*Asks:* 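Below is one structure. I have some questions about it.
Note that the coordinates shown come from a computational prediction; the quantities given were computed from them, not determined experimentally.
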Amino acid sequence: MERLKGAITVGFLRLFALLPFGVAQRLGAAVGWLMWKLPNRSREVVRINFAHCLPELAPAERERLVGETLVNIGRSFAESACAWMWSPQKTVGLIKEVEGEHLLDEALAEGKGLVGITSHLGNWEVLNHWYCLKCSPIIFYRPPKQKAVDELLQKQRTQLGNKVAASTREGIISVMREVRRGGAVGIPADPEPALKSGVFVPFLGVQALTSKFVPGLLKGGAANGVFLHCVRLPDHSGFKVIVERAPEALYSDDETEAVAAMSATIESYVRRWPSQYMWSMKRFKKRPVGEKKWY
C-alpha cells in the first residue's frame, strides 16, 4: 500500500511539473482554497496555531489569514513540484530579486564552515537550488514517510553535485563533519525536535521547543551562520531571496541565549510574511511541563 501511495504521489508531482508555472501555481492555490472551505486536519492545525500565536487578531481577520495561509500552502506544493522536476537553472530563473547576496559571498570567502539557516516560510525548494548554485552544501532534511517520494527528493535535490543528509544519527554526523572541515550545509531550523535535542524558548508569543543543533554548530564562532529565505512576490510572478547574517547572540556559549536568538530571527520573518509560513505544521506539539497539549 505504501508503494502504491508513493507511486501515486510521484506521478501527481510529475503531472504538476508539466504545467506552465502560472497554471500550476493557480491550481495549487485552488487546492489550498478547498482546504480552507472543507473540513480537514491542516485547516484545524492552522486555526489552533493562530489562536495561540496571533490572539491579538479579531476573529474575522484571523480567519481571513487562515484562508490566505492555506492558499499559499497550496501554491508552495505546486511550486515545489515544479522545482523538484525542472532543471535547477529553470527553477532559479523564478528568482527575480536577491537581497544581501554579498553577505553569503563574504561568509563563504572567510573559509570557515558555513551554516545556511532557513525555515518553512516561502518556498525552501526554490531556495535549495539557488543555495546549491552558490556553493555545494549538504542539505539536511526530514525524510518523508513514502520511500518513493524520498528517493525522488534525494535525486532532485542533488542535481547540482551537492549532497543531502537525512535527520538520522548518520546524517547529523555527516553535517557536523562537513562544517568542521570548512564546508557548507543547509538546515531548516524550525521543525520541532525531540525533547533531549531542544530547549523551550519564545516563538510568536509562546514557548516553543526549538532545536539546539544549529547553535551547537556555531558555538563560539566555530562556523559562520547566515539566514536564507525565499519569499513569494506579491504578484506571484516569482520569488525574492533574502540573506541575513546570524546575530552575534546566536554564537553565544549560553545555549538558551543562542537558541532564543535563532528563534527570534525566524519569528521576524514570520511576522513580516505570516501567510507564507507553513502554519499547518504541528510546530507546538510538545508543551512545557504542566501545560495542556494543543492538538
Side-chain angles (χ1 to χ4, degrees), residues 42 44-59 61-63 65-66 68-69 72-73 100 115-122 124 127 140 142 167 186-231 242-295:
S42 292
E44 296 314 308
V45 171
V46 174
R47 285 175 173 169
I48 290 168
N49 286 340
F50 280 177
H52 288 276
C53 299
L54 301 172
E56 69 277 9
L57 295 182
E61 177 67 12
R62 197 183 305 157
E63 187 59 23
L65 188 57
V66 170
E68 289 182 7
T69 297
N72 274 324
I73 288 172
V115 182
I117 312 160
T118 191
S119 69
H120 288 80
L121 180 137
W124 47 96
L127 177 66
F140 191 65
R142 184 172 291 181
S167 54
I187 303 176
D190 59 336
E192 188 178 65
L195 278 170
K196 66 180 180 180
S197 302
V199 293
F200 283 98
V201 295
F203 181 57
L204 297 159
V206 298
Q207 291 293 307
L209 185 65
T210 305
S211 175
K212 300 182 288 186
F213 188 35
V214 167
L217 293 172
L218 300 180
K219 186 176 180 180
N224 284 323
V226 294
F227 283 88
L228 306 166
H229 285 90
C230 181
V231 297
I242 302 171
V243 183
E244 179 182 356
R245 291 295 294 262
E248 283 301 315
L250 187 41
Y251 299 92
S252 174
D253 290 336
D254 184 313
E255 186 175 73
T256 301
E257 179 185 7
V259 175
M262 181 178 72
S263 180
T265 303
I266 293 173
E267 177 179 332
S268 72
Y269 284 89
V270 179
R271 294 285 186 189
R272 277 181 276 176
W273 293 280
S275 69
Q276 293 199 38
Y277 190 61
M278 189 63 70
W279 289 98
S280 57
M281 287 193 303
K282 291 186 176 180
R283 174 64 184 87
F284 308 94
K285 193 172 182 179
K286 299 180 183 72
R287 307 307 307 140
V289 176
E291 186 175 318
K292 185 179 177 181
K293 292 186 180 298
W294 292 14
Y295 315 111

*Asks:* So, R272 side chain and E267 main chain: donor-acceptor pair closer than 3.5 Å or not?
*Replies:*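 No; judged by distance alone, with no hydrogens or angles, the pair does not exist.
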
*Asks:* Hey, what do you get for CZ (R245) to CG (N224), rounding to the nearest 0.5 Å?
*Replies:*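 Spacing of CZ (R245) from CG (N224) equals 5.0 Å.
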
*Asks:* Taking M281's backbone N and O only, do any of them form a donor-acceptor pair with N49's side chain (distance below 3.5 Å, no angle check)?
*Replies:*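 Yes, N49 side chain to M281 backbone: donor-acceptor pair under 3.5 Å.
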
*Asks:* Using modelled atom types only, decide if a donor and an acceptor are shared between the side chain of S211 and the backbone of A189 within a distance under 3.5 Å.
*Replies:*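 Pair absent, no side-chain N/O of S211 close to backbone of A189.
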
*Asks:* Looking at OH of Y277 and CD1 of I73, how far apart are the two atoms once the value is rounded to the nearest 0.5 Å?
*Replies:*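 The CD1 atom of I73 is 11.0 Å from OH of Y277, to the nearest 0.5 Å.
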
*Asks:* Over 60° means perpendicular and under 30° means parallel, so classify the ring planes of W124 and H120, tilted if in between.
*Replies:*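 Taking W124 first and then H120, their aromatic rings stand perpendicular (interplane angle over 60°).
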
*Asks:* Any sub-3.5 Å donor-acceptor pair from E192's side-chain atoms to K286's backbone N or O?
*Replies:*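 Present.
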
*Asks:* Which atom names give the shortest non-hydrogen contact between E56 and R271, and what distance separates them?
*Replies:*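 Result for this residue pair: OE2-NH1, 3.9 Å.
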
*Asks:* Answer yes or no: does atom NZ of K212 have more than 12 heavy-atom neighbours from other residues, nucleotides or ligands under 6.0 Å?
*Replies:*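 Counting other residues, nucleotides and ligands, NZ of K212 exceeds 12 neighbours.
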
*Asks:* Test your reading of the model: is there a side-chain donor-acceptor pair from W279 to the backbone of P274, 3.5 Å cut-off?
*Replies:*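 The answer is yes, because a donor-acceptor pair under 3.5 Å joins these two groups.
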
*Asks:* Considering all heavy atoms of both residues, which atom of S263 and which atom of P202 are nearest to each other, and what is their separation?
*Replies:*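 Taking every non-hydrogen atom into account, OG-O, 2.8 Å.
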
*Asks:* Taking the side chain as C-beta and beyond, is there a heavy-atom pair between R283 and T210 under 4.5 Å?
*Replies:*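 Yes - at least one pair of side-chain heavy atoms lies under 4.5 Å apart.
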
*Asks:* For a quick test of reading the model, state the closest non-hydrogen atom pair linking L228 to T118 and the distance between them.
*Replies:*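 In terms of heavy atoms, the two residues are closest at O-OG1, 2.7 Å.
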
*Asks:* What distance do I242 atom CD1 and W273 atom CH2 have between them, rounded to the nearest 0.5 Å?
*Replies:*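 Between I242 CD1 and W273 CH2, I get 3.5 Å after rounding to 0.5 Å.
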
*Asks:* Sub-3.5 Å donor-acceptor pair from the side chain of S252 to the main-chain atoms of E248, do we have one?
*Replies:*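 Looks like no, no N/O pair under 3.5 Å.
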
*Asks:* Check the pair F50, L57 against side chain to side chain contact (heavy atoms under 4.5 Å, CB included), reporting the backbone distance first and the verdict last.
*Replies:* CA-CA 9 Å; F50 280 177; L57 295 182; over 6 Å; no

*Asks:* How long is the straight-line distance from SG of C53 back to CZ of F203, given to the nearest 0.5 Å?
*Replies:*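 Between F203 CZ and C53 SG, I get 7.5 Å after rounding to 0.5 Å.
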
*Asks:* Give me the atom names and distance for the closest heavy-atom approach of T265 to S268.
*Replies:*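 So the minimum-distance heavy-atom pair works out to O-OG, 2.5 Å.
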
*Asks:* Tell me, do W294 and K282 make a side-chain contact under 4.5 Å, heavy atoms counted?
*Replies:*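 SC-SC contact between W294 and K282 ruled out.
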
*Asks:* Rounded to the nearest 0.5 Å, what's the gap from CD on Q207 to CZ on R287? Could you check?
*Replies:*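 The CD atom of Q207 sits 8.0 Å away from the CZ atom of R287.
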
*Asks:* Only one of I187, V226, L250 passes side chain to side chain contact (heavy atoms under 4.5 Å, CB included) with I117; say which it is.
*Replies:*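 With I117 as partner, side chain to side chain contact (heavy atoms under 4.5 Å, CB included) holds for just one option, L250.
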
*Asks:* Does N72 use its side chain to pair, donor to acceptor, with the backbone of S275 at less than 3.5 Å?
*Replies:*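 The answer is yes, because a donor-acceptor pair under 3.5 Å joins these two groups.
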
*Asks:* Test your reading of the model: is there a side-chain donor-acceptor pair from T69 to the backbone of L65, 3.5 Å cut-off?
*Replies:*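 Such a contact is found between T69 side chain and L65 backbone.
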
*Asks:* Kindly indicate, with the supporting measurements, whether the criterion side chain to side chain contact (heavy atoms under 4.5 Å, CB included) is fulfilled by Y295 and E44.
*Replies:* CA-CA 9 Å; Y295 315 111; E44 296 314 308; over 6 Å; no

*Asks:* Quick check for you: to the nearest 0.5 Å, what is the distance between H229 atom NE2 and I266 atom CD1?
*Replies:*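 H229 atom NE2 to I266 atom CD1 measures 6.0 Å (nearest 0.5 Å).
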
*Asks:* Could you go through the side chain to side chain contact (heavy atoms under 4.5 Å, CB included) check for V259 and F213 one step at a time?
*Replies:* CA-CA 9 Å; V259 175; F213 188 35; over 6 Å; no

*Asks:* For a quick test of reading the model, state the closest non-hydrogen atom pair linking K219 to D253 and the distance between them.
*Replies:*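 It is CG-OD1, 3.6 Å.
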
*Asks:* Grab the two heavy atoms, one from V206 and one from F284, that are nearest each other, plus how far apart they are.
*Replies:*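 Nearest pair, atom of V206 first, then F284: CG2-CE2, 3.5 Å.
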
